[in-house]
Amino acid sequence: MSQHYDAIVIGGGAAGMMCASVAGQRGKSVLLIDHAAKLAEKIRISGGGRCNFTNLQAGPANFLSENPHFCKSALSRYTAQDFLNLIKKYRIAYHEKHKGQLFCDDSAEDIIRMLKSECDLGKVQWRMPCQVKEVQRTDAGYQVLTEQGIFSAAQLVIATGGLSIPKIGATDFSYQIARQFDLKIVEPRPALVPLTFDPKAWEPFVPMAGISLEVDIATGDKKNKTIFREDLLFTHRGLSGPAVLQISSFWQPGEAITVNLLPEVDLAEELIAGKGTIKKNIANHLATYVPARLAEGLLAANGIAGDAKIADLTDKRLRQLGDNMNRWQLIPNGSEGYRKAEVTRGGVDTRELSQQSMMVKNCPGLYFIGESVDVTGWLGGYNFQWAWSSGFAAGSAIES
């Protein structure tokens, strides 16, 4: 026998729990299904275990989509402040890092417990762990065939996320359902992900692994240039850190990225002007700006001896060095892929969905929310805010 609900939500992560709790607290009968044995693993590991749960600056400009206006409605109806009010209601201690990023003082578990409690307030029922075998459309709505039985509902919400971090259970389930109902999908790709380089070309920089410094990083042409100022981290295979994770969402394969290792200094001008006054050798002088190991490596890459006196170097050599540090151009050969990507860019084409409710326009009662949709936030709590906002939009729209 099939058990019937007003709504079935598939996916017990951030967006799914938000949606289920909102609908349940509006008096709707809701079943939440998830295939994992452990609840909300992506929340648990986020932000180094402290969950960067939102960003005070979150707005439409912080999101990427082929349909950039789509996210405006949901973000305006459930804001970072709204989620912060929920955090305060549960007396969860939090702190702001830089650029509006909010983290739990204690643990991401606080967020998971809060969302579970909100679901409990809405009398949400659970099936977990529970594998979904098939989804069917019926005259009465939708039927979900699972390993624990058959469940039906007037409305079905897909909140199973994207392909990022498969080791904690990420799958392409949301895209399978989208294709089943003939919905367009913007090609998924890893986002907020470290970038890699040709091993031979990267060889001189392998010894710099572990070095971190603040940089300006950019990609794109003059009309579509994107630039961030964040920390860069050298790795054995390429570049990581917040700067690279941010730019990776905008970078297109085959394009260059440009790194300014000294955002506050025009190095060529400074070196040429200081020829008569700077007494240190070039390596020691550069080490006042960047870590000594990096200074030595960059000098070697530019064919300049570390013990050379600045006065003995030609203006041309100094300009070349300055250019290579202020405008260092590199072409990645790829990324670390979904295993290291924090989110998935692309997903269900937002032109298929109502921006007010997240419901499929041509398939009444079917919703897609969170990371399964072609809306991708910057690094820094924005993707969680999209989960809360899109989940709230769908949960507010569900009817009996």
Side-chain angles (χ1 to χ4, degrees), residues 1-24 28-37 39-40 42 119 122 124-164 166 169-188 344 346-354 357-375 387 390-391 393-395 397-400:
M1 288 291 291
S2 169
Q3 293 175 257
H4 190 77
Y5 299 85
D6 293 328
I8 294 172
V9 179
I10 303 178
M17 282 198 283
M18 174 59 83
C19 174
S21 66
V22 169
K28 310 304 174 188
S29 60
V30 181
L31 173 67
L32 204 159
I33 301 172
D34 196 278
H35 69 156
L39 182 62
K42 198 163 186 184
C119 286
V124 172
Q125 294 190 33
W126 293 77
R127 289 291 184 276
M128 180 184 173
C130 180
Q131 292 285 345
V132 173
K133 296 178 178 178
E134 193 179 344
V135 169
Q136 299 172 344
R137 194 173 181 185
T138 66
D139 291 341
Y142 297 86
Q143 198 169 66
V144 180
L145 286 68
T146 79
E147 62 184 5
Q148 293 187 24
I150 300 170
F151 307 100
S152 63
Q155 290 162 83
L156 175 66
V157 183
I158 306 299
T160 53
L163 297 167
S164 310
T171 72
D172 66 348
F173 181 85
S174 61
Y175 310 141
Q176 292 177 36
I177 300 300
R179 291 187 191 101
Q180 179 182 334
F181 291 95
D182 296 322
L183 306 182
K184 289 178 186 159
I185 295 173
V186 175
E187 185 179 357
T344 303
V348 177
D349 193 326
T350 58
R351 285 167 282 234
E352 302 274 14
L353 308 175
S354 158
S357 67
M358 308 299 295
M359 186 168 71
V360 178
K361 293 174 184 174
N362 296 325
C363 202
L366 179 63
Y367 302 73
F368 287 84
I369 59 174
E371 198 181 334
S372 66
V373 175
D374 175 35
V375 175
S390 61
I398 285 167
E399 293 303 331
S400 303

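Side-chain contact between Thr146 and Arg127 is absent, with no heavy atoms from C-beta onward closer than 4.5 Å. Between Cys19 and Val30 there is no side-chain heavy-atom pair separated by less than 4.5 Å. With contacts defined as side-chain heavy-atom distances shorter than 4.5 Å, the pair Phe173/Val132 qualifies. You'll find the side chain of Asp182 stays beyond 4.5 Å of the side chain of Asn362, heavy atoms only. In this structure, the side chains of Glu371 and Ser390 stay at 4.5 Å or more apart for every pair of heavy atoms. Taking the side chain as every heavy atom from C-beta outward, Phe368 and Glu352 never approach each other to under 4.5 Å.
Nearest heavy-atom pair, Ile150 versus Gln143, reported as atom, atom and distance to 0.1 Å: CG2-CG, 3.4 Å. Nearest heavy-atom pair across Leu39 and Gly12 is CD1-O, 3.4 Å. Nearest heavy-atom pair, Met359 versus Cys363, reported as atom, atom and distance to 0.1 Å: CG-O, 4.3 Å. Taking all atoms of both residues into account, the shortest heavy-atom contact from Gly16 to Leu32 is O-CD1, 3.8 Å. Across all non-hydrogen atoms, the minimal contact from His35 to Thr171 is CE1-CG2, 3.8 Å. In terms of heavy atoms, Ala40 sits closest to Met17 at CB-CE, 3.8 Å.
One N or O on the side chain of Lys361 and one on the backbone of Arg351 form a donor-acceptor pair closer than 3.5 Å. A donor-acceptor contact shorter than 3.5 Å links the side chain of Thr344 to the backbone of Leu163. Judged by distance alone, with hydrogens and angles left aside, the side-chain atoms of Glu147 form no donor-acceptor pair with the main-chain N or O of Lys133 at under 3.5 Å. No donor-acceptor pair under 3.5 Å is formed between the side chain of Ser174 and the backbone N or O of Thr160. Here the side chain of Ser29 pairs a donor or acceptor atom with the backbone of Asp6 at under 3.5 angstrom.
The side chain to side chain contact (heavy atoms under 4.5 Å, CB included) with Leu156 is formed by just one residue from the set Val360, Leu366, Val9; it is Leu366. Only one option out of Thr350, Val186, Val348 pairs with Val375 in a side chain to side chain contact (heavy atoms under 4.5 Å, CB included); it is Thr350.
Here Ser357 pairs with Ser354 under the side-chain hydrogen bond (donor to acceptor under 3.5 Å, both in side chains) rule; sequence neighbours left out.
In this structure, Gln148 CD and Met128 CE are separated by 11.0 Å, a value rounded to the nearest 0.5 Å. Within the model, atoms SG of Cys119 and CH2 of Trp126 stand 4.5 Å from one another, a figure rounded to the nearest 0.5 Å. Once rounded to the nearest 0.5 Å, the distance linking CD1 of Ile398 with NZ of Lys28 reads 9.5 Å. For the atom pair CD (Gln3) and CG (Leu31), the distance works out to 7.5 Å, reported to the nearest 0.5 Å. Between the CD atom in Gln136 and the CG atom in Leu145 there is a gap of 5.0 Å [rounded to 0.5 Å]. Note that the CD1 atom of Ile158 and the CD1 atom of Ile10 stand 4.0 Å from one another [nearest 0.5 Å].
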For Val144 and Tyr5, run side-chain contact (heavy atoms from CB on, under 4.5 Å): C-alpha distance rounded to whole Å, both residues' side-chain angles, the deciding distance at 0.1 Å, then the answer. CA-CA 11 Å; Val144 180; Tyr5 299 85; over 6 Å; no
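Heavy-atom neighbours of Lys184 NZ from other residues, nucleotides or ligands within 6.0 Å: at or below the threshold of 12. Heavy atoms of other residues, nucleotides or ligands lying less than 6.0 angstrom from CD of Glu134 number more than 12.
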